[in-house]
Amino acid sequence: MKEFKSKVGYEILIPTLLLLIVIMLLPIINGAPLAAIITMVVIILVIAAFILHLFFQTSYFINERDELLIKAGSIFKSPVNISTIESVTKTRSPTSSPAPSMDRLKLTFGKSDPVIISPKDKIGFVRELRKINPSIKSKPE
C-alpha cells in the first residue's frame with residue numbers, strides 16, 4: 001500500500017484556531033462565572049484537538065485492490081475505485097472535503113459527485129493513479 005500524506009494549509013488552520021480562541025475568550029470578556037469559563041475552555045480545547053488531528057492525520061492510500069483510500073483522522077475512511085476516476089484537475093475550491101489545504105486536486109467520476117483532496121506530492125499521486133487507470137485525464141500542475 002502506497003501512502004500520500006496530505007498537505008496542511010496553514011491558510012485554513014490558523015484562522016480556524018484564532019476563531020476558536022476568540023470564542024473561548026468571550027465568556028471571560030463578558031464576566032461569566034468561573035464554571036462557565038472552564039466548561040467553554042474544555043469544549044474549545046477538545047474541538048481544537050480534533051481539528052488538529054484531522055489536519056495532521058489526513059492521508060491518501062493506494063492499495064493492492066486498485067482502490068484509493070481517503071483517510072481523514074481516525075474517523076473518516078472512504079474507498080474509491082481508481083478505475084472509475086475520469087479526471088484529476090487542480091482546484092482551490094473551498095468546498096468541505098478531506099483536504100486540509102487550499103492546494104487541492106478534484107477527482108471526477110462520471111455522474112458521481114467529485115472528491116477533493118490535497119496530497120503533498122500531487123505529481124507523484126497522479127502518476128500512481130495513472131499506472132492503474134491510464135485513461136485518467138489530468139492537469140495537476
Side-chain angles (χ1 to χ4, degrees), residues 1-134 136-141:
M1 185 170 325
K2 184 147 179 127
E3 178 180 10
F4 291 87
K5 293 276 189 188
S6 180
K7 184 175 185 178
V8 174
Y10 292 98
E11 73 278 5
I12 299 172
L13 182 60
I14 291 171
T16 302
L17 294 178
L18 288 174
L19 177 63
L20 289 176
I21 290 169
V22 168
I23 292 169
M24 188 169 56
L25 293 175
L26 287 176
I28 297 168
I29 293 168
N30 291 327
L34 183 59
I37 293 171
I38 291 171
T39 301
M40 180 60 86
V41 167
V42 168
I43 290 169
I44 295 297
L45 289 176
V46 168
I47 292 169
F50 178 70
I51 289 169
L52 288 169
H53 174 68
L54 287 177
F55 267 74
F56 291 100
Q57 295 300 314
T58 296
S59 294
Y60 316 104
F61 300 88
I62 297 175
N63 68 19
E64 317 70 47
R65 295 184 306 243
D66 294 343
E67 292 175 318
L68 169 62
L69 299 176
I70 301 168
K71 183 177 173 269
S74 56
I75 59 158
F76 178 76
K77 195 173 198 177
S78 177
V80 173
N81 187 330
I82 295 171
S83 67
T84 64
I85 299 172
E86 293 177 355
S87 68
V88 178
T89 54
K90 186 174 179 178
T91 184
R92 292 192 62 81
S93 169
T95 304
S96 178
S97 64
S101 169
M102 290 305 293
D103 187 13
R104 298 170 162 196
L105 294 177
K106 179 169 76 171
L107 309 172
T108 56
F109 322 80
K111 295 180 181 179
S112 299
D113 288 336
V115 174
I116 297 175
I117 60 174
S118 60
K120 278 184 193 177
D121 177 12
K122 292 191 300 291
I123 304 290
F125 178 77
V126 172
R127 186 179 306 123
E128 289 298 317
L129 291 179
R130 293 190 82 216
K131 283 181 186 176
I132 297 165
N133 180 358
I136 294 173
K137 298 174 187 140
S138 64
K139 295 180 186 173
E141 294 84 30

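The first residue of the sequence shown is numbered 1, and numbering continues consecutively from there. Because the structure is predicted, anything quoted here is derived from the model rather than measured.
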message: Applying the side-chain contact (heavy atoms from CB on, under 4.5 Å) criterion to S138, which one of L105, I85, V88 satisfies it?
response: V88
- request: For residues Y60 and S6, report the shortest heavy-atom separation together with the two atoms involved.
  value: OH-OG, 3.3 Å
- line: Result for side-chain contact (heavy atoms from CB on, under 4.5 Å) between I62 and one of K131, E67, E128, E3 points to E128
query: Side chains of S101 and D103: is there a donor and an acceptor less than 3.5 Å apart?
result: no
Straight-line distance of Q57 CD to K5 NZ, nearest 0.5 Å: 5.5 Å
message: Within this structure, what is the CZ-CZ distance for the pair R104 and R92, rounded to the nearest 0.5 Å?
response: 9.0 Å
- prompt: What are the two closest heavy atoms between A48 and L17, and how far apart are they?
  reply: CB-CD2, 4.2 Å
message: With heavy-atom distances below 4.5 Å as the criterion, would you say the side chains of L68 and V115 are in contact?
response: no
task: Show your reasoning for whether side-chain contact (heavy atoms from CB on, under 4.5 Å) applies to L45 and I43.
output: CA-CA 6 Å; L45 289 176; I43 290 169; over 6 Å; no
field: Side-chain donor-acceptor contact under 3.5 Å, T91 with S93
entry: no
field: Aromatic ring pairing F125/F4, orientation class (parallel under 30°, perpendicular over 60°, tilted between)
entry: perpendicular
- line: Looking only at heavy atoms, the pair that brings I37 and P27 closest together is CG1-CB, 4.0 Å
- request: Kindly compute the distance separating CD (E11) from OG1 (T16), expressed to the nearest 0.5 Å.
  value: 10.0 Å
message: Please give me the minimum heavy-atom distance between I12 and P100, naming the atom from each residue.
response: CD1-C, 4.2 Å
- prompt: Say you draw a straight line from CD1 of I47 to CD1 of I23; how long is it, rounded to the nearest 0.5 Å?
  reply: 7.5 Å
query: Nearest 0.5 Å, what's the CG-CD1 distance between L19 and I44?
result: 8.0 Å
message: A side-chain contact here means heavy atoms from C-beta on lying under 4.5 Å apart; do I82 and V80 qualify?
response: no
message: So M1 and E64, do their side chains get closer than 4.5 Å, heavy atoms only?
response: yes
message: Using only atom types and a distance under 3.5 Å, with no angle test, would you say the side chain of N63 pairs donor to acceptor with the backbone of R65?
response: yes
field: I51 side, atom CD1; L13 side, atom CG - distance, nearest 0.5 Å
entry: 8.0 Å
task: Would you indicate whether the side-chain heavy atoms of T58 and V8 approach each other to under 4.5 Å?
output: no
statement: Taken in chain and number order and not counting sequence neighbours, the residues that satisfy side chain to side chain donor-acceptor pair (under 3.5 Å) with T39 are none
N133 vs T84 side-chain heavy atoms within contact, under 4.5 Å: no
